Amino acid sequence: MLKEYRTVTEVVGPLMMVEGVEGVKYEELVEIEIQTGEMRRGRVLEVQGDKALVQLFEGSAGINLKGTKVRFLGRPLELGVSSDMIGRVFDGLGRPIDDGPKIIPEKRLDINGVPMNPVARDYPSEFIQTGVSAIDGLNTLVRGQKLPIFSGSGLPHSELAAQIARQARVLGEGEKFAVVFGAMGITFEEAQFFIDDFTRTGAIDRAVLFINLADDPAIERIATPRMALTCAEYLAYERDMHVLVILTDMTNYAEALRETSAARKEVPGRRGYPGYLYTDLATIYERAGRIKGRPGSITQIPILTMPEDDITHPIPDLTGYITEGQIILSRELYKKGLEPPINVLPSLSRLKDKGIGEGKTREDHADTMNQLFAAYAQGREARELAVILGDAALSDTDKAFAKFAEEFENRYVNQGYNNNRSIIDTLDLGWELLKLLPRTELKRIRDVYLEKYLPLETEGVEK
């Protein structure tokens, strides 16, 4: 029988102080029965002597200090996991919200996970096809990688997230693949968009959705990504699946962390965020990876909206330190009507070289990637020069590069949200665009590949 405490002395925002407690531990789950008989949940944030500070998941509205009973359950917040979770929609605390049957768990797992031994980590080295050329061709996603998308307010990161969730797959026969989608602080309209899109396209059949809405308690927002990752770890390491975890929006998560930190009267760090923001984000991002000797893997795509499009803001800044690159959405390209508006020049996948080449994508991938990137950068410069000096000041080569940059944006980047390109389609399109340039300018591609993929008789420019 659990001991019941009626010694609540203070309630401030989402926090409650309980005195006279015994044997209570950090992160322990708490059951609160308020005077109306309604049950709420919380977790222990801090223990000092016989005082426990409890964080409430459902908020503190309507709590009467005298009529409230508190029970400490002796276990951390857990998620009941099962293979039946695939195809289901849950709230931020792992409760089904899709009118489906209750999940009968095969086991219950602590949502904080178990730290992965660095020695047991396997190096990410296998290609994941997202069907998006700007990612697959130039900033390749590798199995076990953490590759965030940096967006801005009003940019179509939701559409891109849904497209990746719908299209992503690992190449190879019989590979078991699943998507775990964790949404934090999104509007009802956004939540409905994701559910409808997954259902309409059939992607729901291999996906698990955890959705925390903007009007749900901020505390639930802190648990949501951990719920999603706990589910992903079960599918990856116990069901041998390759799992892609998409988390949106990490900015809402960090705001919830700041709100809780302020309620605890902690000394604020940069821009009011707690000083442990880096450590806290790392506990989420570092749960991606592969373990030696196990076939499963977890690949992560966290999405965050940069406040005021500021890439030096603490959230994108710290995320960039922990993760292996970033995909950046551009407001300028969005205004031009590009879908998706991925700005490939500042985007980066630090592991792209490890997941491409013969046997993974195609032998010419690395050379064409470098050439396309360099040519697009040169074409952008030529376009800017034309704006300042006029077209007459450009050489024929500059004009060719400027035309290339325009075609690259319109055909390579601007593929739409419903166009699923295979990596072969993406590589072939790259070669098609390179025909716009003089052959002498293709200095980053080995002659053997030029002869194979761009033979002289088919090239449409003067040699």
Side-chain angles (χ1 to χ4, degrees), residues 130-141 147-164 190 193 246 248-251 301-317 319-320 323 325-350 352 369-391 393-394 398-419 421 426 429-430 432-434 436-437:
T130 65
V132 180
S133 291
I135 298 175
D136 293 348
L138 300 175
N139 293 290
T140 313
L141 179 65
L147 186 62
I149 293 173
F150 288 3
S151 182
S153 180
L155 293 183
H157 47 268
S158 294
E159 286 84 347
L160 181 59
Q163 181 178 18
I164 292 171
E190 285 177 295
F193 163 76
I246 300 175
T248 181
D249 177 343
M250 291 306 294
T251 301
I301 300 184
I303 297 171
L304 55 93
T305 48
M306 301 179 287
E308 297 173 359
D309 291 0
D310 179 11
I311 201 166
T312 65
H313 187 277
I315 305 167
D317 188 33
T319 295
T323 55
Q326 67 278 328
I327 303 294
I328 297 178
L329 300 190
S330 158
R331 202 168 290 280
E332 180 194 344
L333 296 180
Y334 175 62
K335 286 176 182 172
K336 277 186 173 183
L338 268 63
E339 297 180 347
I342 295 173
N343 190 354
V344 298
L345 295 183
S347 295
L348 167 71
S349 169
R350 293 192 180 98
K352 61 186 175 188
M369 174 178 71
N370 294 334
Q371 186 63 68
L372 287 167
F373 192 90
Y376 179 52
Q378 200 170 333
R380 288 263 295 249
E381 281 177 22
R383 276 198 321 210
E384 286 165 16
L385 205 60
V387 171
I388 299 164
L389 303 175
D391 286 344
L394 299 184
D398 286 338
K399 286 175 183 170
F401 275 104
K403 186 185 178 191
F404 170 86
E406 203 64 39
E407 288 293 308
F408 178 83
E409 285 178 0
N410 291 334
R411 293 174 60 193
Y412 196 94
V413 178
N414 184 32
Q415 71 175 71
Y417 298 114
N418 295 304
N419 185 359
R421 286 184 188 152
T426 292
L429 178 58
E432 211 175 299
L433 290 168
L434 290 173
L436 297 168
L437 300 172

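This one's a predicted model, so the numbers in the text were calculated from it and none came from an experiment.
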Any chance you could measure I315, atom CD1, to M250, atom CE, to the nearest 0.5 Å? 8.5 Å
What closest approach, in Å, do L138 and K352 show between heavy atoms, and which atom pair accounts for it? O-CD, 3.5 Å
Is any side-chain heavy atom of E432 closer than 4.5 Å to a side-chain heavy atom of E407? no
Beyond-backbone contact of V344 with Y412, side-chain heavy atoms, under 4.5 angstrom: no
Quick check: closest heavy atoms across T251 and P307, and the distance to 0.1 Å? CG2-CG, 4.4 Å
Do you know which of I327, L304, N343, L155 makes side-chain contact (heavy atoms from CB on, under 4.5 Å) with F150? L304
dist R350:CZ -> L147:CG (nearest 0.5 Å) comes out at 10.0 Å
Under the criterion side-chain contact (heavy atoms from CB on, under 4.5 Å), I'd like the reasoning laid out for Y334 against L329: C-alpha separation, chi angles, the key distance, then a yes or no. CA-CA 8 Å; Y334 175 62; L329 300 190; over 6 Å; no
Compare every heavy atom of L394 with every heavy atom of A386, then report the nearest pair and how far apart it is. CB-CD1, 3.7 Å
Check: Q163 and Q415 side chains under 4.5 Å, non-hydrogen atoms: yes
Is there side-chain contact between L333 and I342, with heavy atoms separated by less than 4.5 Å? no
CA sep, side-chain torsions, deciding dist, call: I135, I164, side-chain contact (heavy atoms from CB on, under 4.5 Å): CA-CA 10 Å; I135 298 175; I164 292 171; 3.9 Å; yes
E190 versus S158, closest heavy-atom pair with distance: OE2-OG, 3.6 Å
Using 0.5 Å steps for rounding, measure from the CD1 atom of I149 to the CD1 atom of I303. 4.5 Å
Does G131 offer a backbone N or O that forms a donor-acceptor pair with the side chain of D136 under 3.5 Å? yes
Side chains of P340 and P156, heavy atoms from C-beta outward: is any pair under 4.5 Å? no
How far does CG of L345 sit from CD1 of I328, to the nearest 0.5 angstrom? 10.0 Å
Of all heavy-atom pairs between K399 and D391, which one has the smallest distance, and what is that distance? CE-O, 3.4 Å
Which heavy atom in M306 sits nearest to a heavy atom in I311, and how many Å separate them? SD-CA, 3.7 Å
Roughly how far, to the nearest 0.5 Å, is CZ of F401 from CZ of F408? 13.0 Å
Beyond-backbone contact of Q326 with L348, side-chain heavy atoms, under 4.5 angstrom: yes
Report the residues that fulfil salt bridge (Lys or Arg N to Asp or Glu O under 4.0 Å) with D398, sequence neighbours left out, ordered by chain and then residue number. none
Residues T426 and R421: side-chain donor-acceptor under 3.5 angstrom: no
Could you tell me whether the side chain of T305 and the main chain of S151 form a donor-acceptor pair under 3.5 Å? no
Interatomic distance, E406 atom CD to L433 atom CG [nearest 0.5 angstrom]: 12.0 Å
